[in-house]
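Counting begins at 1 with the first residue of the sequence. Just so we're clear, the structure is a prediction, and the values are computed from it rather than from any experiment.
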Amino acid sequence: MMFSCLVSCRTAYNPLLVVTEVVENGGDCVRALCRSSDECVFFPYQMHFTGHSQQVNPANHSQVTAFVLLGLSQVWELRCFFFIVFCAVYLVTVTGNLLIVAIVTSDPHLHTTMYFLLGNLSFLDFCYSSITAPRMLVDLLSGSPSISFGACLTQLFFFHFIGGIKIFLLTVMAYDRYVAISQPLRYTFIMNQTVCGLLMAASWVGGFIHSIVQVVLTIQLPFCGPDKLDNFYCDVPQLIKLACTDTFILELLMVSNNGLVTLMCFLVLLGSYTALLVMLRSHSREGRSKALSTCASHIAVVTLIFVPCIYIYARPFRTFSMDKAVSVLYTMVTPMLNPAIYTLRNKEVIMAMKKLWRRQKDFLGP
């Protein structure tokens, strides 16, 4: 009677090589077909041989039902520190973004296309941070943070759903500014409520399609051994590393769906804002100053959102030391900064905020 051991060997040349190692008497695998410098993971798998070599199918092995989230740190003191810091960041994010939604909704002077889109972006930022932050805060105080396979896929779906909508919405916002500056007399006709609603609906549909592709590609992967997810939330790059099959083709599809699309949108946005800045030279000084302030806010937000996404998704899914820091930047920090970027230099939003504050004081009384 012969036995085999399924060996997953990660190399620089082959993302995941699945081989079988034949041993006698059911003993443990003591040698893998990997170099010593490679990352090798062994999955003992008993099989009866009839005289010739057989290939082990990873799909026949026991499936992983949950993943262990390694999080930001394994040091208890650091985890407590991170909990305090990110709890404050999340509270500021929720307060700032919902405040902008309330201001845009309550003030009739802000019922314009630009502020409608801004209110939607703030709502999406609130949703985006809420997908990862609450669970991360709980896991920081948990002794053994883990997430089930179903919950992991659910988080993955909503993470890319909201993230995809934000990407398309920023493109719509750039188009809105382009029409406002290049076609000021026809702006209200071109960007009417119907067009604005259709563009928002298209953004949501685009985000859904983008997200469902991620889930469909990920759910087909066999997870038959490693269960430690080196992040504080579920995402494609970390999940692919745990699959016990060759993921080279899948990585190409993911990079194309995520990284290249994000990179192309970013380049298009930079080109459009560059064209807008060139157009502003022919405007009056007052009009140029107002448009520059708005464009500067948009460019800052676009850079904060797109650059980290390009870093994470527009490259092979390998682990680098900056990965977690970049993940924290675009899941926690950027949603917090967006309200400040749009309001600190926007007189209309500041005035509307003061009106809302006065109304609240009058309602509550002295």
Side-chain angles (χ1 to χ4, degrees), residues 1-50 52-71 74 135 139 144-157 159-160 212-255 257-258 316-319 323:
M1 185 172 181
M2 302 290 287
F3 296 82
S4 72
C5 181
L6 181 64
V7 180
S8 292
C9 176
R10 300 180 186 274
T11 74
Y13 309 100
N14 193 334
L16 191 62
L17 173 66
V18 179
V19 298
T20 55
E21 178 70 13
V22 179
V23 295
E24 295 183 0
N25 302 320
D28 294 332
C29 284
V30 294
R31 181 175 61 85
L33 303 180
C34 304
R35 297 190 301 274
S36 60
S37 60
D38 296 327
E39 177 190 349
C40 299
V41 184
F42 302 92
F43 308 101
Y45 183 90
Q46 181 174 329
M47 174 180 283
H48 180 70
F49 283 86
T50 58
H52 60 277
S53 176
Q54 299 184 32
Q55 180 72 32
V56 177
N57 185 359
N60 293 333
H61 201 73
S62 60
Q63 289 288 312
V64 172
T65 58
F67 298 103
V68 177
L69 297 171
L70 297 182
Q74 300 300 310
R135 186 178 190 96
D139 289 344
S144 56
S146 61
I147 184 171
S148 67
F149 184 72
C152 184
L153 288 181
T154 302
Q155 188 181 56
L156 174 68
F157 170 79
F159 184 75
H160 282 272
I212 205 70
V213 168
Q214 309 297 306
V215 174
V216 169
L217 292 176
T218 304
I219 202 171
Q220 300 179 38
L221 292 173
F223 297 98
C224 53
D227 61 352
K228 290 181 173 57
L229 205 65
D230 192 18
N231 210 336
F232 57 91
Y233 64 95
C234 285
D235 200 5
V236 172
Q238 290 77 34
L239 283 171
I240 280 185
K241 294 171 188 173
L242 302 183
C244 49
T245 186
D246 188 350
T247 59
F248 179 73
I249 301 299
L250 184 61
E251 284 192 38
L252 290 180
L253 292 174
M254 293 292 193
V255 169
N257 187 32
N258 289 329
F317 295 153
R318 299 292 180 267
T319 303
D323 286 357

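Among residues two or more places apart in sequence or in another chain, the ring pair (Phe, Tyr, Trp, His ring centres under 6.0 Å) test is passed with Phe159 by Tyr128, Tyr233. With sequence neighbours excluded, the residues satisfying side-chain contact (heavy atoms from CB on, under 4.5 Å) with Ala151 are Ile147, Ser148. In this structure Asp323 satisfies the side chain to side chain donor-acceptor pair (under 3.5 Å) test together with Tyr311, Arg315, sequence neighbours excluded. Residues meeting the salt bridge (charged side-chain N to carboxylate O under 4.0 Å, His left out) test with Asp230, sequence neighbours left out: Lys324.
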Which atom pairs, one a donor and one an acceptor, fall under 3.5 Å between side chains of residues 215-229 and the rest of the protein, sequence neighbours left out?
from, atom 1, to, atom 2, distance (Å)
Thr218, OG1, Gln214, O, 2.7
Gln220, NE2, Val216, O, 3.2

Next on the checklist: Let's go through His160 and Val236 carefully: what are the C-alpha distance in whole Å and the side-chain angles of both, what is the deciding distance for side chain to side chain contact (heavy atoms under 4.5 Å, CB included) to 0.1 Å, and is it a yes or a no?
Outcome noted: CA-CA 10 Å; His160 282 272; Val236 172; 4.0 Å; yes
Item to check | Step-by-step side chain to side chain contact (heavy atoms under 4.5 Å, CB included) determination, Leu156 to Asp235 | outcome: CA-CA 6 Å; Leu156 174 68; Asp235 200 5; 3.8 Å; yes
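Interatomic distance, CG of Leu70 versus CG of Asp139, reported as 11.0 Å (0.5 Å rounding). For the atom pair CG (Leu239) and CE (Met254), the distance works out to 8.5 Å, reported to the nearest 0.5 Å.
In this structure the side chain of Phe157 reaches within 4.5 angstrom of the side chain of Ile212, judged on heavy atoms.
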